[in-house]
Every structure is written in structure tokens, then in C-alpha cells.
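All figures in this text were calculated on a predicted structure; none of them were measured in a lab.
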Amino acid sequence: MDGAGGAARDGATAVATIDSPPAPDTGRSPVEVTGRTAGATRTGTTAPVAARRWRWSPRRQDLAAYAVFLLAALWVTSRIWIDPAGRVASLYSSDPAQVQFFLAHSVRVVLHGEFPFYTEQFNYPDGVNLMANTAILALGIPMVPVTLLFGPAVSFVLLVTLGLAGTAAAWYHVLSRHLVRNRLAAAVGGWFCGFSPAMLSHASWHPNIISQYLLPFIVWRVLVLSRTRRPIRDGLLLALLVTAQAFINEEILLFTALTCAVFLLAVVVQEPHRWAAAWRPMALGLSACAVLAGALLAYPLHIQFAGPMAYHGLSDAVRDYGNDIAAFFAPGSPTLGGNQRANVGLAPNYSEENAFLGWSLALLTVGIVCWLRREVMVRALAVTGALFAVLSLGERISWWHREVATGPWEWLVRLPLLDAVVPTRFGLITSVTVAILLAIAVERAWSLRLPDRRTARTLTVAGLVLALLPIVPMPLNVVSRPPVPKFITADRWRAYVGPDQTLVPIPVPSMGNTNGMRWAAATNLDFKIPGGYFLAPRNGNTGDPGRFGGRPSGVGELLQEVATTGRTPKLDDRQRRRFLDELRHWRAAILVLPFSQQNVEPLRRTVEQLAGPGRRELDVWVWDVRTLTSREA
């Protein structure tokens with residue numbers, strides 16, 4: 001991670017100066033081992049040599065930890081791996097379809113040189129600002145070979161698997177090299193960073209949020225800046241990490257910056273004298289970071305905030321997403337002790353269970369803080385975790401669904417950048433602080449100098465089992481989803497749809513119906529579609545507050561109502577003219593209705609009132625509307 005030995009020494013000083021805990025018991029040094037082994041050989045005693053052969057080296061311990069993380073990630077995603085294209089997480093299927101669409105967009109960026117930050121391939125003709133929609137270019141572009149060979153559905157589940165395992169492995173690496181010497185302690189911390197209930201909650205839908213493997217290195221490089229002798233070089237290295245993370249998820253990057261700021265402030269408040277030595281290298285390093293990262297991100301951020309279809313701030317509904325206080329004491333739904341029904345109302349929805357530590361771990365965390373309260377780092381971590389836990393409660397603080405107070409988020413929500421944050425996700429920061437506290441506590445307990453050390457270690461393991469067993473990850477719940485029609489996969493649509501025309505799936509793609517987006521993704525976005533699931537300014541007016549979806553669509557709303565209720569409306573001439581105007585606005589070439597669509601017959605009869613009789617082709621109904629929507633019509 002460090003470019004030279006000097007940087008590594010500076011980095012070690014950065015953590016060592018925050019706290020000076022008792023030296024942990026790490027076993028004999030290599031010199032001792034060599035001397036004792038040689039002595040045993042000279043005296044003819046071979047038992048110690050045999051015992052050494054079975055002792056795992058640090059490298060083997062690292063590989064074992066990485067293997068466990070990967071196996072755990074495969075376990076969590078196992079039900080999706082059985083059929084990536086035909087299975088999706090239960091309850092909400094919109095986000096996976098959106099991510100698969102973005103993965104297909106990365107293919108077009110690489111193969112066709114398409115503009116990476118904006119697209120008209122959905123929500124045509126207004127298009128979508130991809131920088132404002134987390135298009136995960138830093139994940140999608142490396143996955144292009146997988147997407148081309150196996151499809152975006154496989155790329156999606158692979159990203160989820162690597163996101164969980166990679167985040168745990170990255171935190172394990174940083175913790176074991178720079179914070180704790182005990183590999184078990186680092187493994188416990190890495191495990192919880194990668195497989196906390198908050199991470200599992202997002203695993204079904206948000207690979208951009210769980211792909212946090214750059215964050216521990218960003219945090220570490222920030223700490224290095226406090227004592228580095230090469231602040232410019234280390235600041236530039238930090239800028240590269242920041243830039244890469246910006247193209248994975250900007251919200252998580254913002255959380256990381258806020259966390260580092262609060263943690264370092266908590267340290268300086270406790271020991272003000274540290275500021276005198278740290279401010280100069282920090283100022284130089286962060287300035288270098290800001291210059292390089294600002295240069296690399298200037299144009300993408302310009303597109304995000306001032307480009308076409310840019311929006312400013314989220315809708316009030318999302319902005320008010322907050323955790324219930326009780327959520328911190330309940331196990332998450334995708335865990336061994338979780339219960340979806342019991343968790344109703346404790347989080348905004350099942351994809352945002354960002355607290356849910358469980359009673360045993362919540363109490364253990366409080367106990368760790370009380371036990372190690374004399375350590376500066378522990379106090380700083382406790383303050384950081386508690387602050388963001390409070391912010392995650394949102395604008396209205398509640399206890400078991402009962403509002404008890406106004407939260408501090410009420411006064412922060414309208415600040416620049418924070419107006420685009422989902423407050424419940426601050427709970428992700430609390431989970432990381434809990435993980436680091438666990439790592440520190442395990443090392444301190446492991447190195448206790450007691451007459452019966454084995455008993456102390458046994459009790460440590462028992463405490464971990466008691467705290468972590470209720471939130472052991474379980475395989476994600478999945479449901480089947482309809483396959484992409486053969487009409488699409490066999491390229492039969494190409495006979496109808498030109499480069500500046502759209503294929504209109506029935507129902508029209510929207511937040512609650514993203515099958516059409518999967519159709520387009522399966523072709524690497526070779527055809528355009530109207531509508532879709534994305535964030536855009538209200539009514540398509542650039543600069544307005546964001547909302548899910550584009551301009552309101554009369555055709556879209558009508559067909560969605562028919563798909564939901566199964567009732568066929570009677571269209572009058574005025575409605576037909578208005579709906580045909582929408583089809584002309586979309587430059588629709590064909591309307592496509594799969595036989596497998598729910599309430600297919602009411603939908604067919606409704607579309608026939610608009611476009612005349614349809615034609616059966618493979619597994620869909622097709623309406624060729626080019627004569628109705630051409631500019632001459």
C-alpha cells in the first residue's frame with residue numbers, strides 16, 4: 001500500500017501516536033524461533049520442530065481469512081448464483097435491473113466510445129444524467145469482459161459477491177498491518193465490515209454501496225498524512241483513490257470524508273498538542289489531493305450538477321428516510337436471528353436496514369467502550385459512531401414507531417451535498433466503527449496477562465460468538481423473474497427499430513416495472529426505450545429537485561394501472577390523440593407485450609384501442625406503429 005519504507009514508518013507513527021496500548025502478545029520473534037529450533041535439534045528433541053511445522057505463517061493466516069470471506073460471500077449470494085438471469089432478490093427488483101442497465105452502458109463506453117456520463121438509451125428523448133445516478137463506471141468498465149461473455153445478470157451477482165468479500169478482505173488487510181497485530185482481531189473487524197447486517201441489506205440491490213474495498217485504504221492514507229514526510233506524494237496517492245471511489249459511489253465517499261474529519265477532530269480535542277505536528281503535512285497533503293482529484297473530477301462533476309437532466313437535492317420522501325432507535329437492537333432481516341415482519345417500520349424499507357446490530361452486539365459495544373475508555377482511539381471511535389448513529393435517525397427520532405424528538409438532521413438536510421444524502425445510511429459508518437472497536441477489543445483481550453490466559457481467550461471467543469451469532473449472514477431471499485423474451489434475444493426486433501427510434505415495452509418501464517430495462521441490457525443497449533427507473537429533475541427541468549422517473553406519462557400510467565388491476569378502460573378519441581402524441585414524442589417504432597406479462601389480455605385489448613390489432617411473433621405481441629408515429633403522420 002505504501003510506496004516506500006519511509007511512508008510505511010510514517011503511517012505506523014500516525015496510528016501509534018493516537019494511542020499507546022500495552023504491547024500485544026504476538027508470540028516468539030523469528031530470532032527466538034530459530035534459536036529454540038536449533039537448540040532442540042542439537043539436543044535431539046524433535047517435538048518442537050514438528051509443532052512448528054503445523055503453525056500457520058502470517059501469509060497462510062491471511063489466505064485463510066480471504067478464503068473464509070469469499071466462501072461467506074458465495075454463501076450469501078448462493079441462491080442467485082443458481083440462476084443469475086432468472087432470479088432476483090425478493091421484495092424489490094428495480095435496483096438490480098438498473099445496475100444491469102448501467103453495466104451494459106459500460107460495454108457501450110468501451111466498445112463504441114459512447115459518452116460515459118449521459119445517455120439517451122432510456123428515458124428517450126430526455127435521457128438520463130448518469131453521473132447523478134451512480135452509473136458505477138469504475139466497476140462496470142473492468143467487468144466488460146464478463147458482461148460480454150455471460151451477460152449483465154452474471155456481472156451483477158459477481159459484483160455483489162466481490163463487494164462483500166473484497167470489503168472484508170480490504171479492511172482485514174489494513175487492520176492487520178496498521179492497527180492490530182493479532183490476525184484473529186483483524187479478521188473479526190474485517191468480517192463485520194464486510195458482512196454486517198447493513199451490508200447484507202444492501203447486497204440484494206446496491207453493489208455500488210457494498211463495494212467498499214477502497215475505503216480502508218482511503219482512511220489509512222488520510223491518517224498517513226498526519227505524520228508523513230512526503231505530504232505531496234501521499235496527497236496525490238490519496239487523490240487517485242478518491243477519484244476511483246467517486247466513480248463507484250459518491251455518497252460513500254462523502255461518508256468517508258465526514259468520518260475521517262469527525263474522528264480526527266475527536267482525537268485533537270482530547271490531545272490538542274497533536275495538532276501542532278499534524279496540521280502542516282495534513283494541509284499540504286490534502287491540498288495536493290484536492291488539486292489532482294479536482295482536476296480529474298471537474299468535468300464529470302460539471303455534468304452531474306450543471307449538465308443535461310441534472311437535479312439538485314432529493315425528494316422529501318427519500319430525504320426523510322431514517323432509522324428507528326430500536327433498529328440498533330434488532331438483528332437484520334437477512335441474518336440468522338432476523339425477522340422481516342418484526343423489523344417492519346424500524347427502517348425505511350428492507351434495502352435500507354442500516355442499523356440492526358442486535359441486542360448482544362449493541363451491549364458488547366457499550367461494554368468495550370467502557371472497558372477501554374482510557375484509550376484515545378476508542379473514545380474517538382465511540383464519539384464518531386454515536387454521532388452518525390444519531391444522524392441516521394433522520395429528521396424525526398422515533399422509538400418503536402413513536403416519534404419522540406426532532407433530530408439534528410432537521411438542521412443539516414438543506415446544506416449543499418447533504419441535501420442529496422439518504423440519512424439512514426449514516427448507520428453504515430456506525431457499523432464500521434463497531435467493527436474497529438471489536439478488532440481492538442479482541443487484541444487487548446488476547447494479550448491480557450492473566451494467570452490463566454487460556455480461560456481469558458476462551459471467554460473472548462465465547463463473547464464474540466454470543467454477539468455475532470444472531471447476525472450471522474444467511475443466503476439472500478430471491479424470487480423468480482420473467483425471462484427476457486425470445487423476440488429480444490433472437491434479435492427479431494432489429495427488423496423494426498431504427499437507430500433514432502424506440503422500442504416501447506408494455507407496460508412502459510418505470511420504477512415499479514423494470515423488465516424493459518433488462519431487455520435493453522440483454523442487447524447491450526442496442527435499442528432505446530422510453531421511461532425507466534432513474535433519478536431526474538421534476539418534469540424534466542434541469543436543476544429542479546430530483547424524483548424517481550422522468551416526465552409524467554399518460555400512456556405509461558394508463559398501462560401500469562391496467563397491468564395492476566386487470567381492468568380494461570374504454571378510450572375516447574381525445575385520449576387516443578393524446579396517447580399517440582406521446583408515442584410520436586418517443587419516436588416509437590414498435591410496442592412489445594410479452595405473453596408472460598401479468599394481465600396480458602387486458603393490456604392487449606387496451607393497446608389495440610390505441611394502435612389496432614397486434615401480431616403474435618415468437619413469445620410476444622407486437623404493434624408496428626411506425627406509420628402512426630412518423631413525422632409525416
Side-chain angles (χ1 to χ4, degrees), residues 1 8-26 170-193 196 215-228 255-279 281-282 357 361-362 364-389 428-448 460 463-464 467:
M1 182 174 60
R9 288 191 297 272
D10 293 336
T13 305
V15 170
T17 53
I18 291 178
D19 251 329
S20 298
D25 180 20
T26 59
W171 276 107
Y172 168 82
H173 178 87
V174 170
L175 291 174
S176 63
R177 269 62 173 179
H178 305 294
L179 183 63
V180 295
R181 298 181 182 180
N182 184 293
R183 289 296 201 274
L184 174 63
V188 170
W191 169 271
F192 195 73
C193 284
S196 68
L215 301 193
F217 299 100
I218 292 175
V219 172
W220 173 244
R221 299 312 306 183
V222 170
L223 293 177
V224 165
L225 289 179
S226 67
R227 287 294 186 274
T228 183
F255 286 173
T256 306
L258 293 174
T259 302
C260 290
V262 171
F263 174 79
L264 291 174
L265 181 61
V267 171
V268 170
V269 167
Q270 296 177 77
E271 298 185 347
H273 65 275
R274 299 191 185 280
W275 179 246
W279 78 267
M282 286 285 287
L357 302 177
L361 180 57
L364 178 63
T365 303
V366 174
I368 290 171
V369 173
C370 293
W371 173 37
L372 302 176
R373 62 187 180 279
R374 291 187 176 86
E375 297 188 21
V376 173
M377 180 181 291
V378 171
R379 293 197 296 267
L381 287 169
V383 169
T384 304
L387 172 63
F388 288 108
L428 291 163
I429 301 174
T430 302
S431 291
V432 172
T433 61
V434 169
I436 299 174
L437 287 171
L438 284 173
I440 295 173
V442 170
E443 178 165 76
R444 302 296 185 267
W446 215 254
S447 60
L448 286 174
T460 300
L464 288 174

Non-hydrogen atoms of M282 and V222 that approach each other most closely: SD-O, 3.7 Å
For F388, all residues meeting ring pair (Phe, Tyr, Trp, His ring centres under 6.0 Å), sequence neighbours excluded: F426
Close side-chain approach of V188 to L184, heavy-atom, < 4.5 Å: yes
A439 backbone acceptor or donor facing E443 side chain under 3.5 Å: no
Within-4.5 Å side-chain heavy-atom neighbours: F192 and L357: yes
Rounded distance (nearest 0.5 Å) linking atom CH2 of W171 with atom CG of L179: 9.5 Å
Separation of I368 CD1 from I436 CD1 (nearest 0.5 Å): 12.0 Å
Shortest non-hydrogen contact between Y172 and R183, atoms and distance: OH-CD, 2.9 Å
Close side-chain approach of V180 to V442, heavy-atom, < 4.5 Å: no
Nearest heavy atoms of T433 and G385, plus distance in Å: OG1-CA, 3.4 Å
L381 CG to T259 OG1 distance, which is reported to the nearest 0.5 Å: 10.5 Å
Separation of I429 CD1 from T384 OG1 (nearest 0.5 Å): 9.0 Å
Over all atoms of both residues, closest heavy-atom pair of A380 and Q270: N-NE2, 3.7 Å
Check: R379 side chain, R374 main-chain N or O, donor-acceptor pair, under 3.5 Å: yes
Least distance between heavy atoms, A170 atom then F217 atom: CB-CE1, 3.8 Å
Any donor-acceptor pair under 3.5 Å from S447 side chain to R444 backbone: yes
Partners meeting side chain to side chain donor-acceptor pair (under 3.5 Å) with R177 (sequence neighbours left out): D62
Residues that A389 engages under side-chain contact (heavy atoms from CB on, under 4.5 Å), provided they are two or more places apart: F328, T430
Heavy-atom pair with the smallest gap, counting every atom of L372 and A441: CD1-CA, 4.1 Å
Side chain proximity check, L264 to L223, heavy atoms < 4.5 angstrom: yes
Test side chain to side chain contact (heavy atoms under 4.5 Å, CB included) applied to L428 and V432, step by step: CA-CA 7 Å; L428 291 163; V432 172; 6.0 Å; no
Plane angle bin for W220 and H178 - parallel if under 30°, tilted between 30 and 60°, otherwise perpendicular: parallel
